[in-house]
> 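Quick one: the structure is below, questions incoming.
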Amino acid sequence: MSYSGHPDSLDARSRSLLRTLIAQYIADGQPVGSRTLAKSSGLDVSPATIRNIMSDLEDAGLVAAPHTSAGRIPTAQGYRMFVDSLLEMRPLGEPQVEQLRRELPTGAATPALLGSASSLLSELTRFVGVVSVPKHDEFPFRHIDFVALDGNRLLVILVFTDGQVQNRVIETQQPFSPSELEQTANFLNKNYAGMRLDEIRKRLLREIQEEGARLNRMLASAVEVAEQAFQSPDDNDMLVSGQTNLMGVHELSEVDRLRDLFDAFQRKRDLLQLLERCSRAKGVRLFIGEESGFPALGGYSLVTAPYGVGNRVLGVLGVIGPTRMAYERVIPVVSATAQLISGALNRPTTPP
């Protein structure tokens with residue numbers, strides 16, 4: 001048998017044995033020997049023939065032989081072939097989807113909804129659930145209010161269409177009277193409600209250019225206040241649930257490897273960049289071992305799917321677990337959860 005790097009280059013017998021070996025290893029986590037394969041593969045071949053095929057699969061980089069055992073385990077390359085061409089993937093049935101839907105809070109603001117999704121992914125898979133949180137300005141704002149503080153400082157209360165409420169303190173170049181603040185808030189609520197913050201900034205800039213010297217006091221006040229109130233803070237974040245689940249996976253029990261991943265959860269920046277890459281792909285994306293290019297994930301697999309509103313991707317959710325995971329179960333759960341989150345975000349929330 002020769003292997004050219006394409007799954008079709010494996011003959012049917014080799015593909016069948018590789019599928020059986022990986023399924024067996026995922027099930028019990030023990031290196032799989034030739035005798036076990038001979039019994040469970042359903043093929044009418046001798047253990048000696050199986051040993052020869054296993055040796056060829058090892059030469060091809062699809063399986064490896066741990067030095068402590070005569071059996072073999074899959075490599076990252078073997079898992080990749082298994083998922084891409086040997087595994088029959090089925091979407092979740094309607095009863096399972098309905099159960100997922102019941103677990104997610106209805107009418108909740110985005111932070112609560114995404115927090116539930118992270119916990120739910122962890123609970124269902126027994127691994128780590130991760131969700132990247134969109135910036136506030138990804139959502140249209142519904143209402144704005146201003147409260148004068150001391151000096152030129154103002155408290156800005158922003159209510160977004162997804163139910164989020166954000167308080168920001170800004171400092172203006174000049175003081176504003178309560179009536180001016182009320183008029184400015186009314187002006188912004190009347191003319192800009194339902195728009196995203198970046199759209200508001202662009203429109204204000206355009207109107208400033210159009211008004212020129214005729215810039216009236218109301219628009220000038222609105223521009224000065226809105227310029228700061230609608231700034232996009234660096235509020236990207238990531239929700240992580242179930243980190244301790246990995247401590248129960250025996251092949252991940254090495255303290256150093258777990259420490260590296262837990263440190264990555266604390267730093268978040270590198271993982272957020274990886275999730276950002278995933279947001280540009282449609283549908284489920286899978287990184288196995290070193291494929292992510294992220295050293296802390298070297299011994300793990302990451303399954304992700306994007307969520308969003310309409311055609312606009314807002315973030316990514318997924319699961320981090322050992323490479324020895326039940327992909328046929330985890331992938332449909334991640335895909336269905338992303339679809340449910342998108343559906344919930346597309347439904348308007350009740351104004352607070």
Side-chain angles (χ1 to χ4, degrees), residues 5-7 22 26 74-92 96-97 100 113-114 117-118 120-122 124-135 138 236-243 245-246 252 261 264-265 267-345:
H6 192 278
I22 295 178
I26 287 175
T75 63
Q77 189 178 358
Y79 280 123
R80 171 53 65 187
M81 175 179 282
F82 177 71
V83 172
D84 288 350
S85 62
L86 304 178
L87 185 62
E88 184 179 355
M89 204 73 65
R90 297 177 181 174
L92 285 187
Q96 291 92 344
V97 173
L100 270 175
L113 183 66
L114 298 183
S118 174
L120 189 57
L121 286 168
S122 173
L124 291 174
T125 64
R126 308 309 303 166
F127 300 135
V128 179
V130 292
V131 180
S132 66
V133 179
K135 291 185 177 182
E138 294 285 357
N236 261 15
D237 199 3
M238 180 180 68
L239 304 174
V240 182
S241 299
Q243 298 97 309
N245 287 339
L246 296 181
L252 297 181
L261 186 60
F265 289 143
R267 292 193 306 270
K268 294 186 179 181
R269 185 191 64 187
D270 293 336
L271 270 176
L272 277 169
Q273 289 178 350
L274 179 57
L275 294 181
E276 170 65 23
R277 280 168 49 198
C278 296
S279 70
R280 304 185 196 119
K282 292 184 178 180
V284 174
R285 190 163 184 187
L286 168 64
F287 293 100
I288 300 174
E290 305 290 343
E291 291 178 348
S292 67
F294 184 32
L297 282 178
Y300 305 84
S301 285
L302 169 65
V303 183
T304 70
Y307 67 88
V309 175
N311 294 322
R312 187 180 181 88
V313 173
L314 297 178
V316 171
L317 55 80
V319 166
I320 295 174
T323 53
R324 185 181 73 85
M325 68 165 62
Y327 294 98
E328 76 282 0
R329 182 173 60 87
V330 173
I331 290 174
V333 166
V334 170
S335 177
T337 304
Q339 293 173 20
L340 289 174
I341 292 295
S342 296
L345 291 175

> Indicate yes or no: at least one non-hydrogen side-chain atom of Leu114 is less than 4.5 angstrom from one of Pro134.
yes

> Can you name the nearest heavy-atom pair linking Leu272 to Met238, along with the distance?
CD2-CB, 3.7 Å

> If I take atom OG1 from residue Thr323 and atom CD from residue Glu290, how far apart are they, to the nearest 0.5 angstrom?
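Those atoms lie 10.5 Å apart.
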
> Got a second to check how far Glu291's CD is from Leu286's CG, nearest 0.5 Å?
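With rounding to 0.5 Å, CD (Glu291) is 6.5 Å from CG (Leu286).
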
> If you compare all heavy atoms of Ala336 against all heavy atoms of Leu100, which two are closest, and at what distance to 0.1 Å?
CB-CD1, 3.9 Å

> Assess whether side-chain contact (heavy atoms from CB on, under 4.5 Å) is satisfied between Leu271 and Val130, documenting all intermediate values.
CA-CA 10 Å; Leu271 270 176; Val130 292; 5.6 Å; no

> Are Leu317 and Ser118 close enough that some pair of their side-chain heavy atoms sits under 4.5 Å apart?
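They are not in contact (no side-chain heavy atoms under 4.5 Å apart), so the answer is no.
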
> Just by modelled atom types, is the Gly308 backbone N or O under 3.5 Å from a matching donor or acceptor in the Ser342 side chain?
yes

> Okay, side chain of Ser122, backbone of Val128: is any donor-acceptor separation there less than 3.5 Å?
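Absent.
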
> Measuring only between side-chain heavy atoms, which start at C-beta, is Pro332 closer than 4.5 Å to Met89?
yes

> Report yes if the side chains of Tyr327 and Tyr79 come closer than 4.5 Å at any heavy-atom pair, otherwise no.
yes

> Using side-chain heavy atoms (C-beta onward) and a distance below 4.5 Å, is Leu297 in contact with Leu261?
yes

> Check the pair Thr125, Met325 against side-chain contact (heavy atoms from CB on, under 4.5 Å), reporting the backbone distance first and the verdict last.
CA-CA 9 Å; Thr125 64; Met325 68 165 62; over 6 Å; no

> In this structure, which one of Val313, Leu275, Ile341 forms a side-chain contact (heavy atoms from CB on, under 4.5 Å) with Pro306?
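Running side-chain contact (heavy atoms from CB on, under 4.5 Å) over Val313, Leu275, Ile341 with Pro306 returns exactly one hit, Val313.
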
> Specify the closest pair of heavy atoms between Gly318 and Val334, including all atoms of both residues, with the distance to one decimal.
CA-CG1, 4.3 Å

> Restricting to side chain to side chain contact (heavy atoms under 4.5 Å, CB included), what partner residues turn up for Arg277, sequence neighbours left out?
Leu274, Arg280, Phe287

> How far apart are the closest heavy atoms of Glu88 and Glu328, and which atoms are they?
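Glu88 and Glu328 have their closest heavy atoms at O-CB, 4.4 Å.
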
> Taking it one step at a time, do Leu314 and Tyr307 satisfy side-chain contact (heavy atoms from CB on, under 4.5 Å)?
CA-CA 6 Å; Leu314 297 178; Tyr307 67 88; 3.9 Å; yes

> Using a 3.5 Å distance criterion without hydrogens, assess whether the side chain of Arg285 forms a donor-acceptor pair with backbone atoms of Leu302.
no

> Which heavy atom in Ser335 sits nearest to a heavy atom in Ala305, and how many Å separate them?
CA-CB, 4.5 Å

> How close do Ile320 and Phe127 get, heavy atom to heavy atom, and via which atoms?
O-CB, 3.2 Å

> Does some side-chain heavy atom of Leu87 sit less than 4.5 Å from a side-chain heavy atom of Ile331?
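No - every pair of side-chain heavy atoms lies 4.5 Å or more apart.
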
